[in-house]
Amino acid sequence: MDDFSQLPEPEESARWKGLVCPNPVRDMETILMAHGGGGRLMTTLIKKLFLPCFHNPYLESLHDGAVFEMNRVRYAFTTDSYVVSPVFFPGGNIGSLSIHGTVNDLAMCGAKPLFISAALILEEGFPMESLYQVALSMRQACQQANVLLVTGDTKVVNKGKGDGIFITTSGVGVVEKPVHVGPERAKVGDKIILSGSIGDHGVAILSLREGLEFETRIQSDTAPLYPLVERILETCPEVRCLRDPTRGGLASVLNEIAEKSQVGIKITEASIPVKEEVKGACEILGLDPLYVANEGKLVAIVPSEKVELVLETMKKHPYGKDSAVIGEVIADPAGRVILETRVGGHRVVDMLSGEPLPRIC
């Protein structure tokens, strides 16, 4: 279908009202980099084009994966693609990133990751030694996450028609515990916990890409988060929502939750952990850490009466040792995120509208 104007409009509902983009998706003749950046343009593309085409209850949830039931067993299914540049970066490479990202999407559904598939698109001329290192890191990441890579595919494109290597993965997991987590479940009074410092991954990629050097080497935080999620679910089966703030960063994830649950979210700047070197790099580059990508952090929204118990549990795990309560769910303004600044002022934290860090995952 070449004429997007003929696509059906999404169903009118509260969750879509208020989503206004200055550049409606069908008014654009071509795809922009920002359409894959995890922010407003990508959200608009999904809701205005893909949701009407493939409308169904599983897709409509706009979660990190689809949760479904077969033979009284609940499963989660997810898929993702990785186009990071450069392929190798401090703390990992595209191989480990692809495995960690997939198991984390399953974990955010409350699912224990089980199986993964991987499809590799290789550009002619990509070094065989580099491919071996990528495959080796994928194997190690699978072992670390306790999952099996059980099927895959390989394609090669002509030199100049790719960018070294792209990886697409899918994953299947099982929801073992009687939990229900989703971006639509946040309730007024809930507390928001962040599992650690933000911006590490995006700044690590950008600093390497731009040849920036700092006194302390900034490394990606890429890591498999299910072991931490398992502890959280054991401590608080009532957890409302789990999300990993990847593309678009913390700001975009919180906006998605606020819009989907039709609640307000208030966060406190002084409570949000950011490493000094990351903060310094962002100041030099003119970036806001709230919008910078992460690959080993999660946001947990929990009932207020369970927040201290969950926080204590998270701090005991290596992937959550720097966890902090960063805010709460409020009634108004519904669908918006408000930041209390260090000087006591307040500002709206909108969803990412551009693409400050291309190709970070």
Side-chain angles (χ1 to χ4, degrees), residues 64-65 75-84 86-120 129-152 165-177 194-198 200-202 204-205 217-235 242-247 293-300 313-323 360-361:
D64 286 322
Y75 296 95
F77 176 66
T78 190
T79 192
D80 211 339
S81 296
Y82 299 86
V83 296
V84 64
V87 171
F88 297 90
F89 48 83
N93 61 58
I94 193 173
S96 56
L97 179 65
S98 68
I99 302 300
H100 291 160
T102 306
V103 299
N104 288 349
D105 281 349
L106 293 172
M108 298 307 110
C109 297
K112 177 181 179 180
L114 297 176
F115 304 109
I116 287 180
S117 71
L120 279 66
E129 178 60 27
S130 295
L131 179 59
Y132 173 72
Q133 293 300 326
V134 168
L136 187 62
S137 71
M138 292 176 73
R139 185 185 73 177
Q140 292 170 340
C142 284
Q143 293 171 342
Q144 185 183 15
N146 197 27
V147 295
L148 293 177
L149 198 160
V150 294
T151 188
I165 177 173
F166 297 152
I167 301 178
T168 295
T169 55
S170 294
V172 176
V174 59
V175 184
E176 295 181 318
K177 296 176 174 57
L194 176 64
S195 66
S197 59
I198 59 172
D200 296 8
H201 177 73
I205 297 293
R217 193 182 193 196
I218 301 172
Q219 292 204 343
S220 169
D221 60 348
T222 177
L225 294 175
Y226 180 72
L228 176 59
V229 169
E230 187 175 34
R231 300 277 186 89
I232 295 172
L233 297 179
E234 289 172 351
T235 301
L242 296 168
R243 292 298 297 268
D244 54 338
T246 53
R247 288 174 298 173
N294 314 271
E295 289 293 345
K297 302 298 188 302
L298 65 82
V299 172
T313 298
M314 293 175 66
K315 282 180 170 292
K316 291 179 180 178
H317 193 279
Y319 295 146
K321 60 183 177 63
D322 296 321
S323 296
I360 45 78
C361 64

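A76 and L106 get closest at one heavy-atom pair: O-CD2, 3.5 Å. Smallest separation of non-hydrogen atoms from I218 and A204: O-CB, 3.5 Å. Of all heavy-atom pairs between E295 and D221, the closest is N-OD1, 2.9 Å.
Atom CZ of residue R243 and atom CE of residue M108 lie 9.5 Å apart, to the nearest 0.5 angstrom. The structure places NE2 of H201 at 11.0 Å from CZ of R247, a figure rounded to the nearest 0.5 Å. Summarising the geometry, atom CD belonging to E234 is positioned 5.0 Å from atom CD belonging to E230; distances are rounded to the nearest 0.5 Å. Remark: I94 CD1 to I99 CD1 distance equals 11.0 Å, nearest 0.5 Å. Within the model, atoms OG of S197 and CG of D322 stand 6.0 Å from one another, a figure rounded to the nearest 0.5 Å.
Using a 4.5 Å heavy-atom threshold, the side chains of Y82 and T168 count as separate. Looking at I232 and T313, their side chains never come closer than 4.5 Å, going by heavy atoms from C-beta outward. When side chains are defined from C-beta on, V134 counts as touching I167, because their heavy atoms get closer than 4.5 Å. Taking the side chain as every heavy atom from C-beta outward, F115 and T151 never approach each other to under 4.5 Å. Between Y319 and S195 the shortest side-chain heavy-atom distance does not fall below 4.5 Å. Counting heavy atoms from C-beta outward, C109 and F77 have side chains that stay 4.5 Å or more apart. For the pair Y226/V103, no side-chain contact is recorded, criterion being any heavy-atom separation below 4.5 Å from C-beta on. Within the 4.5 Å cutoff, the side chain of N294 has heavy atoms near those of the P245 side chain.
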Open item on the list: Would L242 and V299 count as a side-chain contact (heavy atoms from CB on, under 4.5 Å) here? Give the steps.
Closed with: CA-CA 6 Å; L242 296 168; V299 172; over 6 Å; no
TODO: May I have the step-by-step check of side-chain contact (heavy atoms from CB on, under 4.5 Å) for R231 and H317, ending in yes or no?
DONE: CA-CA 8 Å; R231 300 277 186 89; H317 193 279; 3.8 Å; yes
Task: Q219/F89 under side-chain contact (heavy atoms from CB on, under 4.5 Å): CA gap, chis, key distance, verdict - done: CA-CA 8 Å; Q219 292 204 343; F89 48 83; over 6 Å; no
TODO: Kindly indicate, with the supporting measurements, whether the criterion side-chain contact (heavy atoms from CB on, under 4.5 Å) is fulfilled by L148 and I116.
DONE: CA-CA 6 Å; L148 293 177; I116 287 180; over 6 Å; no
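In this structure, the side chain of K321 does not engage the main chain of K316 through any donor-acceptor pair within 3.5 Å. Formation of a donor-acceptor pair under 3.5 Å by the N104 side chain with backbone atoms of L225 is found in this model.
Applying the side-chain hydrogen bond (donor to acceptor under 3.5 Å, both in side chains) test to residues at least two apart or on different chains, the pairs with a partner in residues 92-102 are N93-S137, H100-Q144, H100-T222, T102-T169.
Between D244 and K297, none of the side-chain N atoms (NZ, or NE/NH1/NH2) sits under 4.0 Å from a carboxylate O, so this pair counts as no salt bridge.
More than 12 heavy-atom neighbours from other residues, nucleotides or ligands sit within 6.0 angstrom of NZ on K177.
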